There are 4 protein chains.
Amino acid sequence: MAGKLQRQKQEKKESLVDASYDLFLKKGFNKTSIDDIVKKANVAKGTFYLYFKDKSDVMENIVLRMSSRILVEAYRAADERGCDDLVENIIFVVDYIVEYFKRNKLVLQMIKRDFSWPLIREKIDELSPEYGEALEVLESFLTHPYFAGQDPDEVFKLLFLIIDMCGSVCYSSIIHNQPDDIDHMKPFLYGVIRKILKK
Amino acid sequence: MAGKLQRQKQEKKESLVDASYDLFLKKGFNKTSIDDIVKKANVAKGTFYLYFKDKSDVMENIVLRMSSRILVEAYRAADERGCDDLVENIIFVVDYIVEYFKRNKLVLQMIKRDFSWPLIREKIDELSPEYGEALEVLESFLTHPYFAGQDPDEVFKLLFLIIDMCGSVCYSSIIHNQPDDIDHMKPFLYGVIRKILKK
Amino acid sequence: MAGKLQRQKQEKKESLVDASYDLFLKKGFNKTSIDDIVKKANVAKGTFYLYFKDKSDVMENIVLRMSSRILVEAYRAADERGCDDLVENIIFVVDYIVEYFKRNKLVLQMIKRDFSWPLIREKIDELSPEYGEALEVLESFLTHPYFAGQDPDEVFKLLFLIIDMCGSVCYSSIIHNQPDDIDHMKPFLYGVIRKILKK
Amino acid sequence: MAGKLQRQKQEKKESLVDASYDLFLKKGFNKTSIDDIVKKANVAKGTFYLYFKDKSDVMENIVLRMSSRILVEAYRAADERGCDDLVENIIFVVDYIVEYFKRNKLVLQMIKRDFSWPLIREKIDELSPEYGEALEVLESFLTHPYFAGQDPDEVFKLLFLIIDMCGSVCYSSIIHNQPDDIDHMKPFLYGVIRKILKK
DNA sequence: TATGAATGAGTATTCATTCAT
DNA sequence: GATGAATGAATACTCATTCAT
């Protein structure tokens with residue numbers, strides 16, 4: 001029954017990731033010790049090093065997983081509407097993510113504090129296919145007829161810049177209310193996105 | 001000669017700030033210890049605590065001072081050109097800052113890692129008039145005839161968002177070459193700024 | 001006007017003692033730093049060392065002064081009653097002190113934590129005549145007709161032991177409610193004193 | 001062989017307690033640093049925190065253990081004499097303890113400086129049954145026929161007060177020779193105890 | 001006398017990492 | 001694989017004391 005053992009093994013790792021996630025959110029990355037993690041995960045200290053190189057290793061895991069999850073979730077929600085207007089779909093996705101961050105300030109804080117949103121792509125390149133689905137979402141935007149005839153690289157930069165800007169605005173407005181709270185920034189932000197995407 | 005003592009005192013503080021600055025750049029904020037700082041500054045450990053509450057206290061000092069300095073420098077350079085076109089002036093300022101960051105990657109890394117650009121305003125409000133000149137730069141943009149008739153708050157948000165976006169793009173492209181290197185991003189970025197500012 | 005200077009000088013010392021007293025009570029002896037003291041006293045750090053060797057030096061000053069003050073105060077109150085019964089007078093004095101400690105738990109804690117009541121005599125021997133009045137009180141008991149014919153040394157030991165015991169019981173019962181609260185201990189304690197003094 | 005590991009673990013703890021004991025005696029509690037302790041105990045600094053919360057934590061351990069030990073030892077010695085007279089037995093126990101303190105001035109100093117003898121009961125309540133034997137000694141006095149018919153609470157107060165007084169007198173006379181050395185205080189002290197216990 | 005800037009040894013505590021079992 | 005006792009370097013922060021002014 002190798003499967004059972006595999007599952008048990010995987011359970012320990014899962015348990016460590018889950019514990020880390022909770023603690024990073026609650027106490028922040030720096031103030032969370034490996035000791036905290038293994039205690040919460042109910043495994044021995046040495047076990048941590050069986051699965052991860054160090055704390056950052058777990059963190060990367062988490063950020064990647066979460067970012068990917070949110071993006072895919074947002075895309076699916078957009079897809080279900082059955083709307084064909086790409087600009088509106090992008091804004092829908094952005095809004096979905098903004099709303100997610102409004103509800104999950106700590107996630108935003110965690111991601112922003114230690115990693116920059118767009119870095120995800122670097123990692124995805126490395127770690128595919130585990131996070132392939134997120135890549136597919138990006139692809140589906142890039143190959144949309146709306147951008148027909150444009151250099152795909154340029155389009156990618158455009159999307160990248162939009163995501164980047166949104167992340168930045170979210171962080172400033174949701175966490176620090178600068179220059180205004182997110183609900184007052186939203187119409188403004190979406191206006192800018194429309195301008196950027198206008199052909 | 002009370003002045004001499006005051007000067008000596010100021011020198012110690014300066015020395016601590018300088019040492020901190022160098023070390024934060026070289027080793028990063030987290031990996032720099034107070035011990036490192038005082039050793040490099042050639043002062044006793046206790047002296048550090050005479051002038052600063054903790055490491056973050058020095059950091060805030062540094063970031064504020066540098067950000068203010070760069071902004072003012074960029075604005076002056078723009079001013080000297082004697083060009084009246086606001087949009088072009090803004091792009092000039094942005095470009096000045098981008099070029100600065102290209103030359104000083106570590107500064108960018110330092111600022112971005114621990115503080116968000118636009119937060120500076122919060123601090124300036126507190127610490128004026130020491131950093132009043134930076135504020136004046138912002139004011140001069142806000143009150144430019146180009147924005148005549150627009151809600152100043154809206155204009156501020158616009159400028160804020162542009163600065164924010166630039167900082168983010170700089171960080172991604174200069175530090176991580178994502179999605180492309182900064183020189184390939186620049187025309188693109190400035191195009192977006194023009195779109196955003198277009199009336 | 002040497003007098004004025006003398007007074008000013010004395011004021012600094014007074015100010016240091018007062019500040020120390022307040023701080024020892026509030027934060028405890030160990031957790032009070034010389035820095036705390038000079039800040040509260042509004043004098044420069046160096047000034048402290050002009051008047052005291054170290055922290056303990058101030059403490060001894062305080063304990064001595066306070067102990068002497070309480071004892072004399074208690075004795076005077078007893079004296080005013082015009083009662084001749086020595087045993088009752090001693091119990092009256094003890095009760096006066098007990099009541100004082102009930103109202104000033106912190107004083108009790110302070111004295112007991114760092115110095116033992118009866119040590120005062122050692123100091124009085126050294127520092128007379130500043131605290132001579134307290135000595136007189138002791139004398140007046142020692143030479144009371146009640147003890148006529150007894151070895152004065154023996155009488156002193158008796159009184160000493162009583163004071164000692166009272167201090168100990170006060171500390172245990174007032175601070176720790178052990179073995180019972182002070183009001184339940186009092187009749188008991190006074191009974192024991194009567195037994196001890198009975199001829 | 002799980003036992004071996006357990007034993008080694010216990011040895012480390014023992015080693016820390018022993019080292020602390022020696023150092024507290026030699027240098028006093030306040031002047032002993034954790035560093036001193038671990039160096040003497042030949043364990044790593046972190047190991048200390050594996051077994052104790054802080055310095056006071058070790059101290060409580062030590063005081064409790066020693067007090068209990070001395071009391072039990074004294075009681076056993078009294079028991080072996082086979083004498084039935086309670087008053088004489090109490091005086092024997094007291095004398096045993098006094099003699100112990102005469103031989104171990106530093107122990108007295110240590111105990112008295114930081115903890116009050118009778119507080120031990122509070123702790124014993126918490127930590128039984130490890131120190132149950134000491135409790136039994138107290139019980140055996142409380143339930144002695146000599147006190148038949150008296151309120152046990154009152155009897156406890158009486159014993160408490162006697163112990164308290166003895167501790168205080170020991171401290172003053174053994175450590176400070178005040179008001180006289182212990183050998184001159186002893187007959188006097190025992191006389192007082194007899195008076196107190198006389199029905 | 002009085003000041004207060006400067007000192008730097010001293011201290012408690014944390015924590016990533018190892019390794020024998 | 002899994003454990004958890006042991007490590008000890010690292011670190012932040014305190015504070016009594018000095019001394020030039």
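All figures in this text were calculated on a predicted structure; none of them were measured in a lab. Naming: A, B, ... by sequence-line order, numbering from 1 per chain.
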Next on the checklist: Please give me the minimum heavy-atom distance between K12(A) and Y51(A), naming the atom from each residue.
Outcome noted: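 Nearest pair, atom of K12(A) first, then Y51(A): CB-CE1, 4.0 Å.
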Specify the separation, in whole Å, of atom [atom1] of [X] and atom [atom2] of [N].
X: L50(A); N: dG4(F); atom1: CG; atom2: P; answer: 13 Å
X: L23(C); N: dA16(F); atom1: CG; atom2: P; answer: 12 Å
X: K13(D); N: dA6(F); atom1: NZ; atom2: C1'; answer: 16 Å
X: Q10(B); N: dA6(E); atom1: CD; atom2: P; answer: 10 Å
X: N30(D); N: dC15(F); atom1: CG; atom2: C1'; answer: 15 Å
X: K27(D); N: dT11(E); atom1: NZ; atom2: P; answer: 7 Å
X: K55(D); N: dT11(E); atom1: NZ; atom2: P; answer: 8 Å
X: L16(B); N: dC13(F); atom1: CG; atom2: P; answer: 15 Å

Next on the checklist: Considering only residues two or more places apart or on different chains, which pairs with a residue in residues 34-43 of chain B satisfy salt bridge (charged side-chain N to carboxylate O under 4.0 Å, His left out)?
Outcome noted: K27(B)-D36(B), D35(B)-K39(B), D35(B)-K45(B)
Sequence neighbours left out, what passes side chain to side chain contact (heavy atoms under 4.5 Å, CB included) with [X]? Give chain and number order.
X: D54(A); answer: S56(A), D57(A)
X: I34(A); answer: V38(A), F48(A), Y49(A)
X: N104(C); answer: Y100(C), V107(C)

Heavy-atom side-chain contact between [X] and [Y] under 4.5 Å:
X: V17(A); Y: R65(A); value: yes
X: S20(C); Y: I62(C); value: yes
X: I37(D); Y: K55(D); value: yes

Item to check | Helical stems, DNA chain E - three or more consecutive Watson-Crick or G-U wobble pairs below 3.5 Å | outcome: E:2-21 with F:2-21
Item to check | Side-chain N or O of K12(A) closer than 4.0 Å to phosphate OP1/OP2 of dT3(F) | outcome: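 Indeed, a polar side-chain atom of K12(A) lies that close.
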Item to check | Interface with DNA chain E, restricted to residues 34-49 of chain B and to heavy atoms under 4.0 Å | outcome: V43(B), A44(B), K45(B), G46(B), T47(B)
Item to check | Distance, nearest 0.5 Å, that separates OG of S68(C) from CE of M66(C) | outcome: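 CE of M66(C) is found 10.5 Å from OG of S68(C).
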